[in-house]
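Worksheet for the structure shown next.
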Amino acid sequence: MKIRVKAFARFREILGSDLALDLSDGATMAAVLTTLRDRAGDEGDAIFDETGTLRTHVILMRNGRRVNRKELDTLVLADGDEVALFPPVAGG
Amino acid sequence: MKIRVKAFARFREILGSDLALDLSDGATMAAVLTTLRDRAGDEGDAIFDETGTLRTHVILMRNGRRVNRKELDTLVLADGDEVALFPPVAGG
Amino acid sequence: MIGITRDVIDAGSMIEAAKKPGMGALVTFCGVVRDDGGVERMELEVYEEVAIRELEAIRDEAMQKYAIESVDIVHRVGSLSVGETILLIIVGAGHRKEAFAACEHIIDRLKQTVPIWKKEFYRDGERWVPGEAGGQE
Amino acid sequence: MIGITRDVIDAGSMIEAAKKPGMGALVTFCGVVRDDGGVERMELEVYEEVAIRELEAIRDEAMQKYAIESVDIVHRVGSLSVGETILLIIVGAGHRKEAFAACEHIIDRLKQTVPIWKKEFYRDGERWVPGEAGGQE
């Protein structure tokens, strides 16, 4: 299945602004994050800590809604889902 | 000596916007008010109470500065002075 | 800029003119003739020399009291229709908190001390708007 | 009107468009690119669908919470120079207290929840402006 990943600000500079990932059916949000961590390489330190966990300040969305950290392993994505990843907002 | 009297808002409707009074040298602010009270006639009730005293909400100025009620009898005017009389302000 | 005008107040050009490089926030208060129970128009009059002096004093006081960069106040007088701008206050500051606080302080002070009066005209009558301030100190 | 734009924000025409007969007060917040320690320009980016939805939610919340008549918010993105308007918020109300309170509330909320980011460009470098908000709830 296809998952779109949008990254913004510093994370966009690391991951690109709009990625298309091809994942096996039934993939969880945790699987998406593992894929992104591998892509990011060393630069991923801004997003993931040394254990590979998403840093606490990172905001994660699925189809425009915030995803709770507790759901990462259980949240199964669907074909066409949009995942977004960004640092704290700074508009205004 | 000549004294200009400016009145505003409701008081302008009663007294006129710009009066020139001709008073004897040494006239006090109290004398100006007596002259104005006589001019205003019955309509002067908005400005003066039944004893002829300036109502408490009336603002009185001499040359653009507020005049304290305690000074009315002692404040001697000079030729060319401008006296102003108005109700509470309502701009904005 | 501090002023009393009989012309239409152009908020856009005043905001652009108020901008300076150190500013991150401009807070603007725009007072407008409100259709309040059938008001059709309003006439405003001013004791101009004293009003200008009071507006300058309010600006100077606000500049001392708040960490702000600029204060502009223009008040219109004459005959105004519903929806027309009576008053524009612009406060420019590095940061927004100070700009909001100063702008609100300025309009509160203006309503207490600046010698301007409003008469409202209805279809079937007219009245002088009572002031917010008390009487003589 | 709620919007994200890449064009210059015209405060004057937005204020005129916001006026309605029942309004006596319009309070406007204008955020501007500040020359902060040598900033020359700024680039803003947005997660647009989510930003629009958040701005609408902020407007609806403010309309419920305060006795106000209207809320307009336009946020600019793209490349901006010092002095250019980043953001315009206009709150119209019958009376000023509510307009001030609602406008300040809206900008505070906007800085916490609307997915927009700013990168500052200096003569010799660049940096992402840190957000005011904390991390994930």
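Just so you know, these numbers use all the heavy atoms, side chains as well, and skip hydrogens, waters and symmetry mates. Note that the structure is a prediction, hence the values are computed from the model and not measured. Sequence lines set the chain letters: A, B, ... in the order given, protein chains first and strands last, and positions in each chain run from 1.
- Ring-plane geometry between C:F100 and D:F100 is classed as perpendicular, the angle between the planes exceeding 60 degrees on a 0 to 90 degree scale with a lower cut at 30.
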| request: Mind running side-chain contact (heavy atoms from CB on, under 4.5 Å) on D:T85 and C:E16 for me, showing each step along the way? | output: CA-CA 9 Å; D:T85 297; C:E16 287 308 311; 4.1 Å; yes
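- Checked for salt-bridge contact, D:R96 and C:D108 meet the test: a charged N lies under 4.0 Å from a carboxylate O.
- Counting all heavy atoms, side chain and backbone alike, D:I15 lies closest to C:C30 at CG2-SG, 4.4 Å.
- Note: D:G83 leads D:G83, D:S13, D:G31 in heavy-atom pairs under 4.5 Å with chain C.
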| task | Evaluate salt bridge (Lys or Arg N to Asp or Glu O under 4.0 Å) for D:E84 paired with C:K19, printing each intermediate quantity in order. | result | CA-CA 9 Å; D:E84 287 199 277; C:K19 288 177 174 177; over 6 Å; no
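- For D:K20, no part lies under 4.5 angstrom from a heavy atom of chain C.
- Chain C forms the most heavy-atom pairs under 4.5 Å with one residue out of D:I107, D:V32, D:D35, D:I89, and that residue is D:V32.
- When atom types are taken as modelled, the side chain of D:R34 and the backbone of C:G94 share a donor-acceptor pair closer than 3.5 angstrom.
- Contacts of D:V27 with chain C are made by both backbone and side-chain atoms, with heavy-atom separations under 4.5 Å.
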